Amino acid sequence: MSEEFITLTFPDGSNRKYHKDITGLEVAESISQGLARNALSITVNGSILDLDQPVTHDGKITINTWESDDGQYTFWHSSAHLMAEAVQELYPEAKFGIGPPIENGFYYDIDFGDQPFGLDQLDKVEQKMIELARQKSRFQKKTVSKAEALSHYQEKDNEYKIDLINELEEGTITFYQQGTFIDLCRGPHVPDTSVIKAVKLTKLAGAYWRGDVKSKQLTRIYGISFPKQKLLDEYLHQVEEAKKRDHKKLGRELGIYMIDNMVGPGLPLWLPNGTQLRRTLEHFLRDEQKHRGYQEVITPHIANLNLYKTSGHYPYYKDSQYNPMEVDDDEYMLKPMNCPHHHRIYSNELRSYRDLPVRLAEFGTVYRYEQSGELNGLSRVRGFTQDDAHIYCTHDQLKDEIKNVIDLTQFVFKTFGMPVDIRLSFRDDNEEKYGGDMEYWERAQKEIQEVADELKLDYKIVEGEASFYGPKIDFIIRDAIGRKWQLGTVQVDYVMPERFDLTYIGSDNDRHRPVIIHRAPFGSMERFVSILIEHFAGDFPLWLAPLQAKVLPISAEFNSYAEECTDLLKSAGLRVETDTRSEKIGAKIRDAENSKIPYMIIMGEREREQNTVSVRRHKRGDIGSYPFKKFLNKMKEEADNRELPPLSI
RNA sequence: GCCAAUGUAGCUCAGCCGGUAGAGCAACGCUCUCGUAAAGCGUAGAUCAUCGGUUCGAAUCCGUUCAUUGGCUCCA
């Protein structure tokens with residue numbers, strides 16, 4: 001290897017030789033002036049660097065522009081600094097915490113002291129940002145000693161930065177300055193502020209310093225920025241579109257659910273349409289589980305507090321449970337989970353190894369006292385139903401059972417057309433968060449990973465995400481507009497069998513401990529329905545639609561023929577209604593379209609004579625005329641096959 | 001629970017600097033019996049979330065409580 005030259009490999013696989021210590025900008029210039037103009041930063045061997053930083057070694061290089069994630073990351077990081085500069089100009093007393101880029105934009109946590117900071121002040125900050133951006137201030141990097149860094153912030157009386165610096169190693173501390181604002185920061189940044197052309201500050205929130213409830217709460221300002229006004233407009237338009245599929249809006253419009261203050265916050269009431277939808281989902285999963293050897297059980301909504309003391313849940317989750325109620329001389333609690341009930345069912349009889357695995361399933365309704373600020377439509381509630389099941393098996397059966405559960409879960413999400421990412425959630429070394437022996441944990445984690453490998457799953461491991469009694473496999477689905485939701489989980493549990501003294505008689509005639517798998521593909525029916533509504537934007541596939549077709553007679557003269565057809569469709573197991581209002585056909589169609597009903601069946605003179613139906617498909621319009629019987633079969637087939645509509649995005 | 005914002009008819013919203021509520025859609029009634037995204041006319045519907053304060057007078061200003069929304073924290 002030469003001292004003077006380095007070889008850089010570009011994303012397309014090509015190589016080029018450069019003088020050692022060439023900067024990113026010079027590399028970009030060597031390719032094209034256009035690229036150099038658009039370059040924001042470079043990524044070398046996985047780390048993002050400033051454009052003017054010298055490259056010292058051979059390696060893979062990417063010139064980051066707005067088009068890449070790393071480029072946006074740099075852009076938004078610099079935008080956070082720009083916002084801080086604007087805030088500093090307007091509020092010189094403000095003290096700054098942290099200000100990172102995030103998935104969609106950036107934020108900065110700021111301590112405004114006693115000055116309240118409200119939404120109406122965001123405009124001013126925005127304007128200031130644009131004004132400052134136009135000054136084209138360079139982002140300049142400085143390496144400082146720890147002592148210098150500390151004294152800088154002592155002078156500013158900023159305890160937050162001091163807190164951060166104290167955790168840094170001497171020699172690694174850098175500041176970046178643009179305009180009048182200087183900030184502790186490891187970078188990288190865009191070359192200068194002029195690339196930031198459009199800014200929107202989007203949200204204001206309280207955020208605890210370092211995420212700790214006991215620390216001071218800072219004001220967090222969220223924003224997003226773009227290199228062109230047009231991109232900002234597009235982004236805002238997209239946000240508007242996303243709002244249109246909000247399940248809280250559609251849930252009301254489509255008659256899915258309501259929340260009533262007289263009943264209580266976080267306690268959803270399922271309306272007829274929502275109940276139909278939920279029952280369809282339950283039937284779907286129930287049938288599938290029946291095929292896979294599950295037995296269904298039903299357990300009560302309250303139980304003696306001792307049950308949860310035995311399970312160990314009570315002390316862990318005391319704050320998020322409804323207070324116990326006194327019954328006779330005992331204390332009872334609304335059930336916050338179904339597991340202990342199922343464990344008692346397991347213990348109801350002596351189990352032989354020949355009986356295992358025992359798979360107990362229940363659509364079990366549970367109640368948890370969620371913090372008031374957490375409640376959200378159907379997706380975060382205080383009373384909800386889990387599609388819960390517990391599988392009791394021998395150690396030898398464990399891996400196969402996990403495989404079956406993964407297979408079921410994948411089948412379920414495939415049916416809804418949702419792509420799935422898999423995460424193995426393991427423990428970290430915080431002893432207090434977990435129950436049970438370390439030995440069990442290691443074993444369970446090893447087995448889960450082995451199964452994932454054997455199934456050739458594409459997974460990632462995240463430490464610290466386990467539940468308190470065991471590691472999990474989490475299924476993270478992506479919806480139609482790319483948002484991610486953690487849904488189904490599979491958990492391996494060695495703790496509860498001990499606590500509940502669960503046993504089975506082995507072939508050796510001795511007692512043994514079974515292993516438990518907890519699993520819930522949907523997680524909660526409430527949350528899953530909220531996600532389905534947003535995924536389909538309310539345009540459900542035929543098999544899920546609460547009302548599958550509306551028969552629309554042209555005028556009252558055809559009402560009876562329409563009713564006849566409706567009855568025939570109903571007898572075929574389809575959900576159909578007739579619209580006999582004295583409205584014009586256009587109005588009937590419009591109302592049916594707005595209610596997102598998949599099929600509209602129009603009946604008039606022609607149809608009655610020829611025994612046909614004229615059919616419209618939701619959002620697609622007239623799809624022509626069919627002999628009645630043929631259409632009935634077509635509809636039936638589409639519903640039975642659980643066909644997915646083309647997604648509207 | 002904490003921070004910020006919001007709360008006017010079933011829904012969507014108007015109501016300026018205080019002078020005691022207004023529209024569209026929906027509902028209901030009547031007329032029209034109609035061919036692929038809104039027929040016409042009429043009727044009814046609101047102690048302006050709550051409690052309290054300021055004021056001659058409060059939907060409007062101030063405070064309380066409740067709820068909702070967006071975040072933070074939490075999520076068996």
Side-chain angles (χ1 to χ4, degrees), chain A residues 107 109 112 116-122 202-222 243 246 248-249 252-253 258-262 264-266 308 311-321 335-340 366 368-377 380 384 386 388 433 435 465-470 472 486 489 491 493 495-496 518 520 523-524 527 552-559 580-594 600-607 614-619 621-625:
Chain A
Y107 67 79
D109 284 348
F112 284 97
F117 189 87
L119 223 44
D120 44 344
Q121 278 140 294
L122 290 182
T202 49
K203 291 173 233 178
L204 204 53
Y208 301 104
W209 174 240
R210 307 215 131 187
D212 182 353
V213 190
K214 281 169 263 166
S215 310
K216 180 158 182 175
Q217 194 165 44
L218 308 181
T219 304
R220 176 172 297 177
I221 306 176
Y222 284 91
K243 264 191 210 155
D246 179 18
K248 294 184 283 292
K249 177 174 141 57
R252 183 179 55 240
E253 287 172 4
M258 61 180 272
I259 304 266
D260 179 47
N261 284 336
M262 210 178 275
Y308 306 107
S311 72
H313 286 101
Y314 184 66
Y316 271 88
Y317 296 106
K318 202 165 178 295
D319 293 341
S320 47
Q321 287 163 180
K335 73 168 165 184
M337 85 289 297
N338 303 300
C339 351
V366 298
R368 297 178 185 176
Y369 181 77
E370 303 288 355
Q371 299 183 80
S372 60
E374 274 311 327
L375 301 176
N376 183 338
R380 193 76 187 265
F384 59 97
Q386 296 177 309
D388 214 353
K433 272 165 66 181
E465 285 292 315
S467 78
F468 95 91
Y469 53 74
K472 304 189 289 182
Q486 190 201 311
T489 65
Q491 306 173 15
D493 177 5
V495 177
M496 290 303 144
H518 305 240
S524 114
R527 201 166 101 94
L552 313 176
I554 295 285
S555 73
E557 194 193 331
F558 311 103
N559 280 357
T580 54
R581 295 174 306 160
S582 71
E583 288 289 349
K584 284 173 62 176
I585 191 67
K588 291 185 184 181
I589 288 170
R590 184 168 196 275
D591 290 341
E593 284 287 354
N594 287 338
M600 285 145 278
I601 303 168
I602 290 147
M603 300 283 185
E605 186 63 45
R606 265 201 312 278
E607 288 73 20
S614 169
V615 184
R616 283 182 67 99
R617 177 83 218 214
H618 174 52
K619 284 196 148 171
D622 197 340
I623 57 169
S625 192

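Note that these values count all heavy atoms, side chains included, but never hydrogens, waters or copies made by symmetry. The structure displayed is predicted, hence computed values, not measured ones. Chain identifiers are assigned alphabetically (A, B, ...) following the order of the sequence lines, protein sequences preceding nucleic acid strands; residue numbering begins at 1 within each chain.
- Judged by atom type and distance alone, A:Ser320 reaches the base of B:A76 through a side-chain donor-acceptor pair under 3.5 Å.
- Between A:Asp212 and A:Arg210 there is no salt bridge, since no side-chain N of the basic residue sits under 4.0 Å from a carboxylate O of the acidic one.
- For B:A38, neither phosphate oxygen OP1 nor OP2 lies less than 4.0 angstrom from any side-chain nitrogen or oxygen of A:Arg581.
- The gap from the P atom of B:C66 to that of B:U54 amounts to 23 Å, rounded to the nearest Å.
- Place A:Glu370 and A:Ala205 on RNA chain B by their nearest nucleotides, and A:Ala205 ends up nearer the 5' end.
- Shown here, B:G10 forms a base pair with B:C25; the pair counts as Watson-Crick or G-U wobble because both key distances fall under 3.5 Å.
- Remark: the A:Arg527 side chain and the B:C75 base include no donor-acceptor N/O pair separated by less than 3.5 Å.
- The same atom, P, is picked in B:A59 and in B:A4; the two are 27 Å apart, to the nearest Å.
- Rounded to whole Å, atom C1' of B:A39 lies 14 Å from atom CZ of A:Arg590.
- Distance, A:Gln321 CD to B:C75 C1': 12 Å, rounded to whole Å.
- Electrostatic pairing of A:Glu593 and A:Lys619 does not count as a salt bridge here, judged by no charged N lying under 4.0 Å from a carboxylate O.
- Taking atom C1' on both B:G24 and B:A14, the two are 11 Å apart, rounded to the nearest angstrom.
- Regarding contacts with the backbone of B:G70, a side-chain N or O of A:Asn376 is found under 4.0 angstrom from either OP1 or OP2.
- For A:Arg252, the listed nucleotide lying nearest its side chain is B:C11; candidates were B:C11, B:A39, B:A37.
- To the nearest 0.5 Å, atoms CZ (A:Arg252) and CG (A:Asp246) are separated by 9.0 Å.
- Residue A:Leu204 has its side chain nearest to B:A4 when only B:A4, B:A37, B:G35 are considered.
- For a distance-only test at 3.5 Å, the side chain of A:Tyr369 fails to qualify as a donor-acceptor partner of the base of B:G1.
- In this structure, CZ of A:Phe468 is placed 18 Å from P of B:C74, rounded to the nearest angstrom.
- Here A:Arg581 pairs with A:Asp591 in a salt bridge; the nearest charged N to carboxylate O distance falls below 4.0 Å.
- Pair assignment for B:G70: B:C3, on the basis of Watson-Crick or G-U wobble contacts that are both within less than 3.5 Å.
- Residue A:Ser614 is in base contact, counting any heavy-atom pair closer than 4.0 Å across all strands shown.
- Toward the 5' end of RNA chain B, the nearer of the two residues A:Gly266 and A:Gly586, judged by each one's closest nucleotide, is A:Gly586.
- Side-chain to base pairing of A:Glu607 with B:G35: one donor and one acceptor N or O lie within less than 3.5 Å of each other.
- When the nucleotides B:A76, B:A37, B:C74 are ranked by their closest atom to the side chain of A:Arg368, B:A76 comes out on top.
- Spacing between atom CG of A:Asn594 and atom P of B:A37 amounts to 12 Å, rounded to whole angstrom units.
- No donor-acceptor distance shorter than 3.5 angstrom exists from the side chain of A:Lys249 to the backbone of A:Lys243, with no hydrogens or angles considered.
- Of the side-chain N and O atoms in A:Lys249, none sit less than 4.0 angstrom from OP1 or OP2 of B:U69.
- Contact annotation for A:Gly377: backbone-only contact, meaning every heavy-atom pair under 4.0 Å involves sugar-phosphate atoms and none involves a base.
- In the set B:G1, B:U36, B:A39, the nucleotide with an atom closest to the side chain of A:Arg616 is B:U36.
- The base of B:C75 lies close enough to the side chain of A:Arg380 for a donor and an acceptor atom to sit less than 3.5 Å apart.
- Among the atoms of the strands shown, only primed sugar atoms or phosphate atoms (P, OP1, OP2) are found under 4.0 Å from some heavy atom of A:Lys248.
- A salt bridge between A:Asp109 and A:Arg220 is present, with a side-chain N of the basic residue lying under 4.0 Å from a carboxylate O of the acidic one.
- For A:Pro265, the side-chain atoms get nearest to B:A67 when compared with the rest of B:C75, B:A67, B:G35.
- For the pair A:Tyr222 OH and B:G70 C1', the computed distance is 9 Å after rounding to whole Å.
- Between the base of B:U33 and the side chain of A:Ser582 there is no donor-acceptor pair shorter than 3.5 Å.
- Atom CG in A:Leu375 sits about 16 Å away from atom P in B:C72, given to the nearest Å.
- Side-chain atoms of A:Lys203 lie closest to B:G71 of the nucleotides B:A38, B:G1, B:G71.
- The side chain of A:Leu119 lies closest to B:A5 when the candidates are B:C75, B:C72, B:A5.
- Within the 4.0 angstrom heavy-atom criterion, base atoms lie near A:Asp622.
- Residue A:Glu593 contributes atom CD, which lies 11 Å from atom P of B:A38 at whole-angstrom precision.
- When Watson-Crick and G-U wobble pairs are counted only if both distances are under 3.5 Å, B:A49 pairs with B:U65.
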task = Show your reasoning for whether side chain to side chain contact (heavy atoms under 4.5 Å, CB included) applies to A:Phe468 and A:His313.
result = CA-CA 9 Å; A:Phe468 95 91; A:His313 286 101; 3.5 Å; yes
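- Stacking here means ring centres nearer than 5.5 Å and ring planes tilted less than 30 degrees, and by that measure A:Tyr317 stacks onto B:A76.
- When both distances must be under 3.5 Å, the Watson-Crick or G-U wobble mate of B:U54 does not exist.
- Taking only side-chain nitrogens and oxygens, A:Tyr308 never comes nearer than 4.0 Å to OP1 or OP2 of B:A76.
- If you measure from atom CD1 of A:Ile585 to atom P of B:U33, you get 16 Å, rounded to the nearest angstrom.
- With A:Asp493 contributing its side chain and A:Met496 its backbone, the two residues share a donor-acceptor pair below 3.5 Å.
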